[in-house]
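Remember, predicted model here, so these are calculated numbers, not experimental data.
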Amino acid sequence: LSASDATGLPGVHVYAVPQGASGATGMAVTDAAGAFELSSLPAGIASLKAYDPVRHRLLTEQLVQVVADSSTRVQLVVSDATGTIRGTVVTVAPGQRLPVAGAWVSVPNLGAALSDAQGLYELTEIPPGTHQVVAYDPDSRTSASVSVTIPPGGGTVVVDLELVIV
């Protein structure tokens, strides 16, 4: 496991999750050089997920073909390019559209923030890919979610989330 500059990343947890399974069947921790070994995995397609245990975030994920009774070398690379998701959380009621202060906005396993008095939020260091952004207002007990794509080179995506009050 390495950064995009080929520097090994030690102490990262790597999980193997077979396609169709609800949980991991193997876990390893990368050594000082970023190397890891997973053994006794079932044959088939598995997702290798590299997770930073300190920052509690998914670093990268890659599908691999696991062949029974054989070894496979896999190079997982963590991209330096990340993105930012920002926007406003508002409540929408008949004839009203108001900012929501204190809404919990998150990209599960990647980051979370509270909206400010104007309903503004910002999630940083989100890796490229498609992610679900979820907003929840504990006062009105309403929530909303939307799918957002961070492009491969990173960048900023603006997403306004509407919490509908009926």
Side-chain angles (χ1 to χ4, degrees), residues 1-4 7 9-30 34 36 38 45-64 76-94 96-166:
L1 177 71
S2 64
S4 58
T7 304
L9 298 175
V12 174
H13 294 188
V14 180
Y15 297 91
V17 181
Q19 196 169 37
S22 60
T25 58
M27 193 280 265
V29 178
T30 59
F36 64 94
L38 294 162
I45 296 174
S47 176
L48 295 182
K49 298 182 180 203
Y51 184 77
D52 181 343
V54 176
R55 296 179 67 201
H56 305 288
R57 39 185 313 141
L58 181 68
L59 298 173
T60 190
E61 181 175 3
Q62 181 177 326
L63 291 177
V64 296
L76 298 175
V77 178
V78 177
S79 171
D80 292 335
T82 62
T84 298
I85 301 171
R86 71 169 53 119
T88 306
V89 181
V90 296
T91 56
V92 178
Q96 287 186 308
R97 184 178 168 91
L98 302 170
V100 177
W104 180 256
V105 182
S106 70
V107 174
N109 299 318
L110 294 176
L114 288 175
S115 60
D116 67 12
Q118 291 78 41
L120 300 172
Y121 73 91
E122 182 173 273
L123 301 166
T124 60
E125 297 184 27
I126 306 298
T130 300
H131 308 285
Q132 205 60 24
V133 178
V134 180
Y136 174 73
D137 176 22
D139 292 334
S140 67
R141 295 187 179 142
T142 56
S143 64
S145 68
V146 64
S147 182
V148 175
T149 300
I150 300 291
T156 299
V157 178
V158 177
V159 177
D160 294 331
L161 295 151
E162 295 183 344
L163 306 177
V164 178
I165 299 176
V166 288

Please give me the minimum heavy-atom distance between F36 and V14, naming the atom from each residue. CE1-CG1, 3.7 Å
Per-pair distances, 0.1 Å, donor-acceptor, side chain in residues 18-29, under 3.5 Å, sequence neighbours excluded:
none

Specify the closest pair of heavy atoms between A50 and L76, including all atoms of both residues, with the distance to one decimal. CB-CD1, 4.5 Å
The reported gap from CG in L120 to OG1 in T88 (rounded to nearest 0.5 angstrom) is 4.5 Å
Who passes side chain to side chain contact (heavy atoms under 4.5 Å, CB included) against T7, sequence neighbours left out? D5
Applying side chain to side chain donor-acceptor pair (under 3.5 Å) as the test, list every pair that has at least one member in residues 147-157; sequence neighbours left out. T130-T149
Flag side-chain contact, heavy atom, 4.5 Å: I85 against I150: yes
V77: partners by side chain to side chain contact (heavy atoms under 4.5 Å, CB included), with sequence neighbours left out: S2, S4, Q75
Could you give the side-chain donor-acceptor pairs of residues 96-112 under 3.5 Å, partners two or more places apart or in another chain?
| residue | atom | partner | partner atom | Å |
| --- | --- | --- | --- | --- |
| R97 | NH1 | E162 | OE2 | 2.4 |

Calculate, to the nearest 0.5 Å, the distance between atoms CD1 and OG1 belonging to I126 and T84 respectively. 8.0 Å
Does any pair with a residue in residues 109-124 pass salt bridge (charged side-chain N to carboxylate O under 4.0 Å, His left out), and if so which ones, sequence neighbours excluded? R86-E122
Do the side chains of V146 and L161 get nearer than 4.5 Å, heavy atoms only? yes
Minimal non-hydrogen separation, L9 against T30, with atom names: O-OG1, 2.6 Å
Pairs touching residues 98-110 that satisfy salt bridge (charged side-chain N to carboxylate O under 4.0 Å, His left out), sequence neighbours left out: none
Mind listing the closest non-hydrogen atom pair of V89 and Y121 along with its distance? CG2-CD2, 3.9 Å
Which pair of non-hydrogen atoms, one from L123 and one from A113, has the smallest distance, and what is that distance? CD2-N, 3.7 Å
For a quick test of your reading: what N or O donor-acceptor pairs under 3.5 Å do the side chains of residues 132-143 make, sequence neighbours left out?
| residue | atom | partner | partner atom | Å |
| --- | --- | --- | --- | --- |
| Q132 | NE2 | S145 | OG | 3.4 |
| D137 | OD1 | D139 | N | 3.1 |
| D137 | OD2 | S140 | N | 3.3 |
| D137 | OD2 | S140 | OG | 2.8 |
| S140 | OG | T142 | OG1 | 2.7 |

